[in-house]
Amino acid sequence: MSAKSKLGIFLMAVLCISVLFGGVVWGRTVVHYIEPGTSEVEKARVERLAREISEVFPDIEMQVEYIGWPDLNDRLITMIMAGNVPDFVLQQDFLPLARMGMFEVLDSWIDENPMHGVTRDIFVDSLLEYSMMDGNLYTIPALGVPYGLNVREDWLNEAGFTLDDLETWDGFLEVAAQLTKDTSGDGRIDQWGFVYPTGLSRFGWRHAEIMAHSNNFYLDEIGENPEKGSELLDFLLDLKEVMPPGYMTMGLQEAFQAYSLDQVGMMVAGAFMPANIITLSGGPEALIHTRAVPFPKGPSAEEFRVPVNNSGYAMFAGSRNKEAAWQVMTYLSSKENNLDYSAQIALPTRKDIAAGEHGEAAAFYYEDYGDEVVEANARFLADYMDIMAKYGIPRHKLLAGERLEREFTGIINDYMAERIDADTALQMISERFDEIMEEYQ
Amino acid sequence: MRKNAELLLHWKKKAYRHRAAYLFVLPAVVYFAIFGFYPLASSVWLSFNRLNILISPVPQFIGLQNYWYLFTRDHHFWLVFKNTLVWVVGSTLLQVVVGFLAALLLNKKLRGRTIFRGIMLVPWVTPIVVVGIAWRWILDPHWGLMNYYLQRFGIISDYIVWLGRDDTVWPMLLLASTWKGYSYMCVMILAGLQTISKDLYEAASVEGASSFHTFFKITLPLIRPILAITLLVGSIETWNNFRMIWVMTEGGPGYSTSVLSTYVFTKTFREYQFGRGAAVATFSFLFVLIFSLIYLKYTKAEE
């Protein structure tokens with residue numbers, strides 16, 4: 001046999017072994033994890049965890065690949081279609097991939113193999129509910145994300161109000177009007193009460209969805225609730241008076257900038273706000289004075305309703321290392337890891353983590369900004385833990401979410417620019433939503 | 001039968017004689033077949049199928065229904081098409097006009113001409129995403145430089161939401177696109193200007209021709225072929241220029257600043273409507289193809 005033939009056979013053998021034992025490196029199972037957090041702080045935490053996992057599970061190696069949130073689903077679909085199936089991922093909008101059959105149903109895993117103390121009953125109810133589709137569990141909740149109203153309490157107090165005045169939409173508008181003013185005395189308004197950023201469909205929809213929740217209906221069901229929808233549209237138009245004129249070009253990032261630069265006194269966001277504003281100019285100072293409350297009640301609401309969703313670990317149906325992936329997923333969901341992760345950016349998903357404990361853990365990430373910021377952050381997170389526990393309701397997961405978001409934001413911008421009236425806007429939204437939903441039934 | 005065999009033999013001989021040439025061309029042909037023709041054909045085929053992977057991962061042949069939907073039922077398609085025409089015509093013409101003026105200037109014997117030529121290339125070599133973000137900041141209604149300076153010089157009294165108003169959003173997108181693209185036009189036109197013999201200008205000067213006449217009777221006719229190709233390349237480039245609009249507005253709010261390239265992306269990769277996305281892409285491709293053929297025939301640039 002010639003040297004060329006021998007080399008060919010050797011290479012073929014290597015290829016076959018790689019295919020047969022893909023994911024196994026010298027006796028260790030390689031678990032391929034997709035992490036959507038791409039900031040340096042998030043990367044540092046994940047890399048530390050990967051090292052830790054190698055020590056805790058000598059037969060497992062966690063290989064991390066970073067794909068940012070905006071491209072996550074597109075990239076995952078491409079990877080899976082190309083046959084490069086990862087083992088698990090942190091997911092927020094798991095519905096499309098679950099519907100495509102790309103995610104493993106986790107019911108039997110959690111019920112029959114509850115590792116590291118991960119059982120259904122340890123998770124906050126509303127967050128666990130968000131992880132389900134058609135009665136099946138698809139993700140293990142890792143981060144709790146409730147949405148509420150973040151408020152500059154110092155501005156409220158200066159204007160003679162307290163947080164309790166933010167009970168209803170009317171009260172909210174009164175407060176927002178008082179916060180909208182010319183602070184420099186040059187005749188131009190430079191401080192506004194509120195911002196509803198409609199420049200990007202995602203936030204144009206999400207913030208209106210939160211306001212719809214506060215008026216006791218789901219935004220995607222606006223056609224079935226025309227009266228409540230009409231109230232929402234009137235409210236949105238009233239908001240124009242208390243918002244910076246460029247609201248229709250802003251995304252969430254610009255809204256955070258405006259908030260941290262003392263241009264806006266209230267905005268809709270979640271417990272993730274500190275992580276987003278702390279590095280911005282004026283961010284730490286703004287955080288010191290920020291409190292979180294449920295979005296005030298609309299005229300049709302009897303009580304507060306706080307929409308919640310989560311980010312959770314989802315296992316791929318095509319994973320070749322499911323046992324190992326499950327071990328790692330549950331390890332990452334242990335009390336210690338859930339506390340550590342949520343302290344960085346959001347709220348814990350486990351019931352056995354108390355607000356004080358969470359605030360203390362969060363101090364690690366904010367200690368460079370001083371004690372005042374650490375205290376304020378702990379108080380802010382405690383606000384959110386409280387409102388999530390009392391009023392948390394899972395957000396609707398929508399298969400046609402992206403289409404509804406774009407349609408809605410386009411119509412709302414026309415409406416707020418007064419190119420169409422409320423009746424026309426409501427009719428257009430209802431008709432377009434019906435058309436889209438029909439396609440997905 | 002015999003004639004066919006002879007013909008085959010003739011082609012075989014010819015292929016053998018030119019085997020080196022065919023081998024040299026082969027990699028390019030294979031590359032084009034795999035990465036050019038196959039995706040294109042696949043996309044056209046997909047446009048005749050219903051494929052929304054959120055509903056079913058299996059394509060279902062539906063003939064021209066996707067096109068029918070786009071032309072008659074889609075609430076945004078014609079707005080997006082109109083936006084695309086405004087975007088392509090406006091952007092290309094402005095780039096050519098500004099590029100032409102810059103090329104005329106840089107063709108003159110100026111002091112520091114080489115430095116200016118280098119500086120002029122800065123927008124061209126700057127990544128388009130960076131340009132888009134920078135322009136978004138410049139046009140920010142609250143702290144952008146545009147409002148700041150216009151107000152400082154007394155041109156406006158109130159800050160303007162440049163990217164949020166119907167009457168300003170397209171001029172601003174075109175401004176950003178022109179800034180990014182004019183240097184390519186300038187380089188092409190400058191190259192054309194430098195091929196014109198100086199003797200012609202000297203002769204015109206001796207004859208007493210004015211600058212106006214020199215420009216319209218000598219410069220413009222002689223660089224017409226280059227101008228024609230530059231316009232075509234520029235307009236196709238702008239037609240497919242997805243990134244600038246995506247970075248500045250994401251085609252929104254809603255679909256108000258979408259063009260066909262962003263619409264294809266939104267339909268396919270955001271809404272997972274692969275069939276309809278492919279129909280938009282195929283329509284866009286055919287439109288550009290037909291336009292290019294008519295344009296080339298009209299300008300006789302292929303000669």
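Residue numbers begin at 1 in each chain, while the letters A, B, ... track the order of the sequences.
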(message) Between Asp414(A) (side chain only) and Arg419(A) (backbone N and O only), is there a donor and an acceptor less than 3.5 Å apart?
(response) no
(message) If I measure from the heavy atoms of chain A, does Trp143(B) come under 4.5 Å with its side chain, its backbone, both, or neither?
(response) side chain
(request) Give, as side chain, backbone, both or neither, the part of Glu405(A) having an atom under 4.5 angstrom from any heavy atom of chain B. (result) neither
(message) Quick check with a 6.0 Å cut-off and a 45 degree axis cone: is Arg403(A) positioned over the face of Tyr440(A)'s six-membered ring?
(response) no
(message) Tell me if a side-chain donor or acceptor on Asn83(B) pairs with a main-chain N or O of Ser258(B) at a distance below 3.5 Å.
(response) yes
(message) Using a 4.5 angstrom heavy-atom cutoff, name the option from Ser56(B), Gly164(B), Gly251(B), Pro253(B) with the most pairs to chain A.
(response) Pro253(B)
(request) Name the member of Asp166(B), Asp140(B), Thr249(B) that forms the most heavy-atom pairs with chain A at distances under 4.5 Å. (result) Asp166(B)
(request) Side chain from CB out, backbone as N, CA, C, O: work out which of these in Gln441(A) comes under 4.5 Å of a heavy atom of chain B, or both, or neither. (result) neither
(message) Among Met250(A), Arg99(A), Gln263(A), Arg432(A), which residue has the highest count of heavy-atom pairs closer than 4.5 Å to chain B?
(response) Arg432(A)
(request) Output yes when a side-chain donor or acceptor of Asp190(A) lies under 3.5 Å from a complementary backbone atom of Thr183(A), and no otherwise. (result) yes
(message) For Leu200(A), which atoms come within 4.5 Å of any heavy atom of chain B: side chain, backbone, both, or neither?
(response) side chain
(message) Using modelled atom types and a 3.5 Å cut-off, is there a donor and acceptor pairing between side-chain atoms of Tyr259(A) and backbone atoms of Met267(A)?
(response) no
(message) Heavy-atom pairs under 4.5 Å with chain A: which of Ile55(B), Val161(B), Leu54(B), Asp158(B) has the most?
(response) Leu54(B)
(request) With a 4.5 angstrom heavy-atom cut-off, could you sort out which part of Thr198(A) is near chain B: side chain, backbone, both or neither? (result) backbone
(message) Quick one: does any side-chain atom of Ser260(A) pair with a main-chain N or O of Gln257(A) as donor and acceptor, under 3.5 Å?
(response) yes
(message) Take a 6.0 Å sphere around NZ of Lys240(A) and say whether it holds more than 12 heavy atoms from other residues, nucleotides or ligands.
(response) yes
(request) Name the region of Arg165(B), side chain, backbone, both or neither, that has any atom closer than 4.5 Å to a heavy atom of chain A. (result) neither
(message) I need the residue from Glu271(B), Glu250(B), Arg73(B) with the largest number of non-hydrogen atom pairs under 4.5 Å to chain A.
(response) Glu271(B)
(request) Examine distances only and state if a side-chain atom of Asn240(B) and a backbone atom of Ile236(B) form a donor-acceptor pair shorter than 3.5 Å. (result) yes
(request) Flag the one option from Met248(B), Arg136(B), His76(B) with the top tally of heavy-atom pairs under 4.5 Å to chain A. (result) His76(B)
(request) Please answer whether the main-chain N or O of Ser157(B) pairs with a side-chain N or O of Gln151(B) as donor and acceptor at a distance below 3.5 Å. (result) yes
(message) So for Ile77(A), is it side chain, backbone, both, or neither that comes closer than 4.5 Å to the heavy atoms of chain B?
(response) side chain
(request) Would you check if there is a donor-acceptor pair between the side chains of Asp74(B) and Tyr255(B) at a distance under 3.5 Å? (result) no
(request) Measure distances from Asn73(A) to the heavy atoms of chain B and classify the residue's part below 4.5 Å as side chain, backbone, both or neither. (result) both
(request) Please look at Leu163(B) and chain A and tell me whether the side chain, the backbone, both or neither of the residue comes under 4.5 angstrom of a heavy atom of that chain. (result) both
(request) Could you tell me which portion of Asp74(A) (side chain, backbone, both or neither) has an atom closer than 4.5 angstrom to a non-hydrogen atom of chain B? (result) both
